[in-house]
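Before any comments, here is the structure.
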Amino acid sequence: MKKSASKKINQRTKAIHGKYTTSAWQFDKHLIPPLTSSTTFRLESLERGAQGFIEFADGSVSEKPILIYDRLDEPSTLMLEEQLAQMESAACAVSFGSGMGAISAALMATTKSGDEILAHRTLYGCTYSLLSNWLPRLGINTSFVNLNDPVMSKLLKNKKVRVIYCESVSNPSLEIIDLVNLVSLVKAENKTRSKAEKINIIVDNTFATPWGMRPLDLGVDFVVQSLTKNICGFGTEMGGAILARNTSYAHQLKMIRKDFGGIIHPWSAWHILVYGISTQSLRFEQQQKNAMMVAQFLAKHPKVEQVVYPGLSTHPQYKLAKTLLKSPEGKFAPGFMISFRLKGNEKTCASFVNDIAKNSYAITLAVSLGLTKTLIEVPGFMTHSAIPSKKQKETNLNPRDIRLSIGLESIDDLLNDLDAALGKLKINV
Ligand SMILES: *Cc1c(COP(=O)(O)O)cnc(C)c1O
């Protein structure tokens with residue numbers, strides 16, 4: 001077993017074969033790793049058991065991990081982590097039971113009472129709730145700002161700021177954060193700070209996925225992913241992961257997971273590893289192809305007021321999108337998410353979405369995204385309802401915005417269903 005994935009091998013192939021050899025399982029017997037379930041592991045001696053606890057506690061990485069208990073480490077999650085790290089060129093990856101589990105652990109690891117966070121104004125609703133409802137109880141406060149605004153650089157001078165948090169492509173407004181610029185601003189500020197006071201940049205890469213962007217390559221410190229979305233891709237498992245640029249936090253992240261308990265179930269880790277990761281590039285590219293055609297169709301429709309899709313030249317940051325959103329093979333990767341607004345009022349929006357829920361065959365009213373099935377939802381009333389309505393304006397959220405996650409259906413059936421629902425709307429155009 002000497003084979004291993006060299007730098008020369010393409011991401012598309014690595015996603016299928018992984019590291020080939022791993023200390024977590026013997027691939028010389030299995031083509032596919034077995035789905036195992038054992039909460040505890042047999043230890044051949046007290047000394048080996050004690051050694052396992054010492055290694056976990058001091059974070060030393062041994063050639064053959066001593067497995068003790070599922071909440072510490074487990075073969076399927078170890079293999080999932082190795083594979084995720086490879087997909088985003090991370091020094092290490094730590095998995096969690098959900099995307100929110102990963103996000104909360106990443107913030108726990110990088111802040112303490114009295115620290116402050118600068119977060120982009122538009123964020124996934126539960127992340128907004130975590131930052132505005134729960135972290136303040138621990139003395140960690142967040143300012144929501146526009147990270148693309150040049151005056152932002154002044155805010156970095158505040159020595160209490162320890163974390164910059166954003167989504168590479170924001171949910172749901174599809175704003176793109178200029179991570180190259182952000183990294184260079186933070187680097188300059190960090191030069192003036194001691195090691196203990198350095199600012200970390202954490203980027204939620206769920207919308208872009210590793211196939212659309214690799215923020216660690218751009219210099220950010222941590223990527224967080226909801227594996228529940230496109231990486232699993234089939235709508236069957238929940239999971240999350242933190243990917244780190246260097247290994248200095250790896251141990252702490254595992255300790256946080258051990259003590260807060262937010263592990264991923266081995267069943268979910270296995271399915272995401274075996275089915276999700278190996279097919280992600282294929283699904284992503286087909287979904288993206290469909291999304292481009294849906295976006296173009298909506299943009300031309302007289303009853304549609306606006307369409308936001310990074311693949312359309314009308315996207316306010318189209319140029320930035322073209323430089324940042326790229327597949328590992330260098331192709332433009334605007335993704336599979338679309339936000340659009342109908343002419344008319346909130347009632348028009350509701351009657352359209354209800355008509356889709358009732359009559360569309362190919363499009364389903366449901367939250368989540370990145371799945372094989374096309375999903376529609378209204379963030380202001382659903383995924384982002386944790387943001388109070390008077391705050392939604394500041395966060396660039398319009399209650400009439402409709403979010404589409406495009407699936408793998410035939411494009412004709414998607415367009416027919418949208419066309420039928422639009423045709424029934426009574427608005428003057
Ligand atoms: C869904 C989502 C999350 C949360 O992930 P879960 O797996 O549902 O916990 C975080 N960030 C973004 C951008 C998401 O879309």
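Sequential numbering from 1 along the given sequence is applied to the chain's residues. Both ligands and their constituent atoms are indexed starting at 1 by order of listing.
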- Between Glu285 and Lys331, is there a salt bridge with N-O shorter than 4.0 Å? no
- Ile103: heavy atom below 4.0 Å from ligand 1, yes or no? yes
- Any side-chain donor near an acceptor of the partner, Thr348 and Asn345, under 3.5 Å: yes
- Does ligand 1 have any atom sitting under 4.0 Å from a heavy atom of Leu369? yes
- Does a side-chain N-to-carboxylate-O contact under 4.0 Å join Glu116 and Lys159? no
- Begin from the C-alpha positions of Leu365 and Ile356 and carry the test side chain to side chain contact (heavy atoms under 4.5 Å, CB included) through to its verdict. CA-CA 7 Å; Leu365 173 61; Ile356 291 275; 5.8 Å; no
- Heavy-atom contacts with Gly239 under 4.0 Å: which atoms of ligand 1 show up? List them by number with element. 7 (O)
- Message: Within a 6.0 Å radius of atom CZ on Phe332, are there more than 12 heavy atoms belonging to other residues, nucleotides or ligands?
- Response: yes
- Item | Which residue and heavy atom of the protein sit nearest atom 6 (P) of ligand 1, plus the separation | Gly99 N, 3.3 Å
- Hey, does Tyr124 come in under 3.5 Å of ligand 1, counting only N/O atoms on both sides? no
- Query: In the protein, what heavy atom is nearest to atom 15 (O) of ligand 1, and what distance, to one decimal place, separates them?
  - Reply: Lys229 NZ, 2.9 Å
Compile the donor-acceptor pairs under 3.5 Å between side chains in residues 289-298 and protein atoms, sequence neighbours left out, one pair per line.
{"from": "Asn290", "atom 1": "ND2", "to": "Gly407", "atom 2": "O", "distance (Å)": "3.1"}
{"from": "Asn290", "atom 1": "ND2", "to": "Glu409", "atom 2": "O", "distance (Å)": "2.9"}

- Task: Identify, for atom 7 (O) of ligand 1, the protein heavy atom at the shortest distance, and state residue, atom and that distance.
- Result: Thr228 OG1, 2.6 Å
- Message: Counting only nitrogen or oxygen atoms and a 3.5 angstrom limit, does Phe207 reach ligand 1?
- Response: no
- of all protein heavy atoms, closest to atom 8 (O) of ligand 1 is Met238 CE, 3.6 Å
- Is there a donor-acceptor contact under 3.5 Å linking the side chains of Asp70 and Thr39? no
- Task: Between Val169, Asn171, Thr206, Asp204, flag the one that comes closest to atom 11 (N) of ligand 1 by a heavy atom.
- Result: Asp204
- Message: If only side-chain N and O atoms count, and only distance matters, is there a donor-acceptor pair under 3.5 Å linking Gln86 with Gln83?
- Response: yes
- Message: I'd like to know whether ligand 1 has Ala102 as a neighbour, heavy-atom separation below 4.0 Å.
- Response: no
